[in-house]
**Q** 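I am attaching a structure below and will ask some questions about it afterwards.
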Amino acid sequence: MTRRTLVAALLGSAAARLSGQVQFWPLPHKHDHVQGLDVSEQWFWISAADRRTKTGWIWRVDRQTMRTVAERNLTRGNLYHPSGFQVSGRTLWIAVSEYRPNSSAEVMGLDAMTLGVQRSFRVTDHIGAVATDGKTFVLGANWDARRIYRWNVGGNLLQAQANPNFLAIQDMKWIGDVLYVSGIGLGPNKGQCLVEQIHPLTLSPLKGSNLQADICYTREGMAVYGGRFFFLPEDEPNSRIFQAGTAR
């Protein structure tokens, strides 16, 4: 597998920010334990778990003002751990799970603007990341991404397969013929902060990158927009969205 360095400069310094190598946006309100991220020209979507109140949340935030314009409490009884997610067209696909492996989850299709629930289905596993082709399939990775599920948009399980890649996926995005996955390496890649490109159906590796930086970008949320990577790695009180590295 080919390895490319996405970020050569150290993060967080004024020089890095001013040079254009890295941009970041401080989040204006509480995001106790951040989870997922998606991005458009106008919006950030952010999911997080509040471990103190055992609630799970999704927000839509204006990229220019960083004002929260929509929010939803995703909690379903003991399901309060929201996943990494993907916005496709008018629908945002996300899961909310029990906060433990080998548990249960509800996968939901939300209206991307209002965050109202359009459809949902139950799963007998923890689902930590969700992606979709926007037309036919929804993918879900369980705790540490040991297993990848594929459903149709109606919630019928089509396939469940072991993940052949040594990566505990935290967030993933299905774009064209590529599934971008990010997280922390396992096995021979243990502890590495990785972004991989894999085939969305076979899960075979296409390309990978080890992010060399002061901050482990891939600890939680990741998005791809305009040929750039966006990351949401930090819990409160200093949660920031970073734009760093090119997706190619």
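Here the structure is a predicted model, which means the values were calculated and not measured.
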**Q** Please examine the side chains of C216 and I184, heavy atoms only from C-beta on, and report whether any two atoms are closer than 4.5 Å.
**A**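 I184 vs C216: side chains touch.
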
**Q** Is there a donor-acceptor pair under 3.5 Å between the side chain of S104 and the backbone N or O of T124?
**A**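 No, S104 side chain to T124 backbone: no donor-acceptor pair under 3.5 Å.
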
**Q** Once rounded to the nearest 0.5 Å, what's the spacing between atom CG of L74 and atom CG of L79?
**A**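 Output value for this atom pair is 10.5 Å.
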
**Q** Are any side-chain N or O atoms of W151 and backbone N or O atoms of V153, one a donor and one an acceptor, separated by less than 3.5 Å?
**A**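 A pair under 3.5 Å: no.
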
**Q** I'd like to know if the side chain of S47 and the backbone of S83 have a donor-acceptor N/O pair within less than 3.5 Å.
**A**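 Indeed, once roles are kept as given, a pair shorter than 3.5 Å links the two residues.
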
**Q** Quick check: do L158 and R150 have side-chain heavy atoms less than 4.5 Å from each other?
**A**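 They are in contact (side-chain heavy atoms under 4.5 Å apart), so the answer is yes.
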
**Q** Are any of the side-chain heavy atoms of Q23 and R228 separated by less than 4.5 Å?
**A**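 Heavy-atom side-chain distance check fails, nothing below 4.5 Å.
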
**Q** Could you check, using the six-membered ring where one of them is a Trp, whether F85 and W45 have ring centers closer than 6.0 angstrom?
**A**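 Here the rings of W45 and F85 have centres that are no less than 6.0 Å from each other.
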
**Q** Does W43 reach the side chain of W59, with side-chain heavy atoms less than 4.5 Å apart?
**A**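 They are not in side-chain contact.
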
**Q** When you measure from the side chain of R63 to the backbone of S40, do you find a donor-acceptor pair of N or O atoms at a distance under 3.5 Å?
**A**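 Here the side-chain-to-backbone pair exists.
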
**Q** Quiz question: by atom type and distance under 3.5 Å, do the side chains of N142 and H126 form a donor-acceptor pair?
**A**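 Note: N142 and H126 side chains miss the donor-acceptor criterion.
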
**Q** So does Q192 get a backbone contact from the side chain of N189, meaning a donor-acceptor N/O pair under 3.5 Å?
**A**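 Checking the backbone N and O of Q192 against the side chain of N189, no donor-acceptor pair under 3.5 Å is found.
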
**Q** Is F166 reachable from I198 through a run of I, L, V, M, F, W or Y residues, each pair having side-chain heavy atoms under 4.5 Å apart?
**A**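 Per the 4.5 Å side-chain linkage, I198 and F166 are not co-clustered.
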
**Q** To the nearest 0.5 Å, what is the distance between CD (Q35) and CD1 (I46)?
**A**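 Atom-to-atom, Q35:CD and I46:CD1 are 12.5 Å apart.
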
**Q** So how far is it from L37 CG to I241 CD1, rounded to the nearest 0.5 Å?
**A**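 One gets 5.0 Å once the value is rounded to the nearest 0.5 Å.
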
**Q** Could you tell me which non-hydrogen atom of E106 sits nearest to which non-hydrogen atom of R122, and how far apart they are?
**A**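 Distance-wise, the nearest heavy atoms are OE1-NE, 3.7 Å.
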
**Q** Kindly determine whether V87 and L92 satisfy side-chain contact (heavy atoms from CB on, under 4.5 Å), including the steps that lead there.
**A** CA-CA 4 Å; V87 175; L92 183 157; 3.6 Å; yes

**Q** If only atom types and distance count, is the side chain of K173 paired as donor or acceptor with the main-chain N or O of M222 below 3.5 Å?
**A**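 Answer holds: yes.
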
**Q** If only side-chain N and O atoms count, and only distance matters, is there a donor-acceptor pair under 3.5 Å linking W57 with T55?
**A**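 Looking only at side-chain atoms, W57 and T55 do form a donor-acceptor pair, the distance falling under 3.5 Å.
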
**Q** With distance as the sole test, does H199 use its side chain to make a donor-acceptor pair with the main-chain N or O of T202 at under 3.5 Å?
**A**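 Pair found, side chain donor or acceptor close to backbone of T202.
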
**Q** Which value, rounded to the nearest 0.5 Å, describes the distance between D32 atom CG and T53 atom OG1?
**A**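 Going from the CG atom of D32 to the OG1 atom of T53 covers 8.0 Å.
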
**Q** Report yes if some heavy atom in the side chain of D235 is under 4.5 Å from a heavy atom in the side chain of R51; otherwise report no.
**A**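 When only atoms from C-beta onward are counted, R51 and D235 do touch, with a gap below 4.5 Å.
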
**Q** Might you point out which heavy atoms bring Y225 and F230 nearest each other, and give the distance in Å?
**A**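 Minimum heavy-atom contact is O-CE1, 3.7 Å.
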
**Q** Of all the heavy-atom pairs spanning M172 and A129, show the shortest one and how long it is.
**A**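 So the minimum-distance heavy-atom pair works out to CE-O, 3.4 Å.
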
**Q** Count the heavy atoms of every other residue, nucleotide or ligand shown that sit under 6.0 Å from CG of N152, and state whether that count exceeds 12.
**A**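 Counting other residues, nucleotides and ligands, CG of N152 exceeds 12 neighbours.
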
**Q** If every non-hydrogen atom of P82 is compared with every non-hydrogen atom of Y80, which pair is closest and at what distance?
**A**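 Taking P82 first and Y80 second, the nearest heavy atoms are CD-O, 3.0 Å.
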
**Q** Got W93 and V107 here, is their nearest side-chain heavy-atom distance under 4.5 Å?
**A**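 W93 vs V107: side chains touch.
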
**Q** If you look at every heavy atom in S103 and E98, which pair is closest and at what distance?
**A**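 For S103 and E98, the tightest heavy-atom pair comes out as OG-CB, 3.5 Å.
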
**Q** Counting N and O atoms only, with roles assigned by atom type, does the side chain of S182 sit under 3.5 Å from a partner on the main chain of V195, one being a donor and the other an acceptor?
**A**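 The answer is no, because no donor-acceptor pair under 3.5 Å joins these two groups.
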
**Q** Do R60 side-chain atoms and M113 backbone N/O form a donor-acceptor pair below 3.5 Å?
**A**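 Yes; judged by distance alone, with no hydrogens or angles, the pair exists.
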
**Q** Could you tell me which non-hydrogen atom of A48 sits nearest to which non-hydrogen atom of V34, and how far apart they are?
**A**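 What the structure gives for the nearest pair is CB-CA, 3.9 Å.
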
**Q** Heavy-atom count check: over 12 atoms from other residues, nucleotides or ligands less than 6.0 Å from R119 CZ?
**A**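 Yes, the 6.0 Å shell around CZ holds more than 12 heavy atoms from other groups.
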
**Q** Report the distance from atom CZ of F242 to atom CH2 of W25, rounding to the nearest 0.5 Å.
**A**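 Spacing of CZ (F242) from CH2 (W25) equals 10.5 Å.
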
**Q** Are F229 and V39 side-chain neighbours, meaning at least one heavy-atom pair lies under 4.5 Å?
**A**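 Contact flag for F229/V39 side chains = no.
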
**Q** Could you check whether any side-chain N or O of Q86 sits under 3.5 Å from a backbone N or O of T132, counting only pairs where one atom can act as donor and the other as acceptor?
**A**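 A pair under 3.5 Å: yes.
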
**Q** In Å, rounded to the nearest 0.5 Å, how long is the span from CZ of R147 to CD of Q159?
**A**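 Separation between the atoms: 10.0 Å.
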
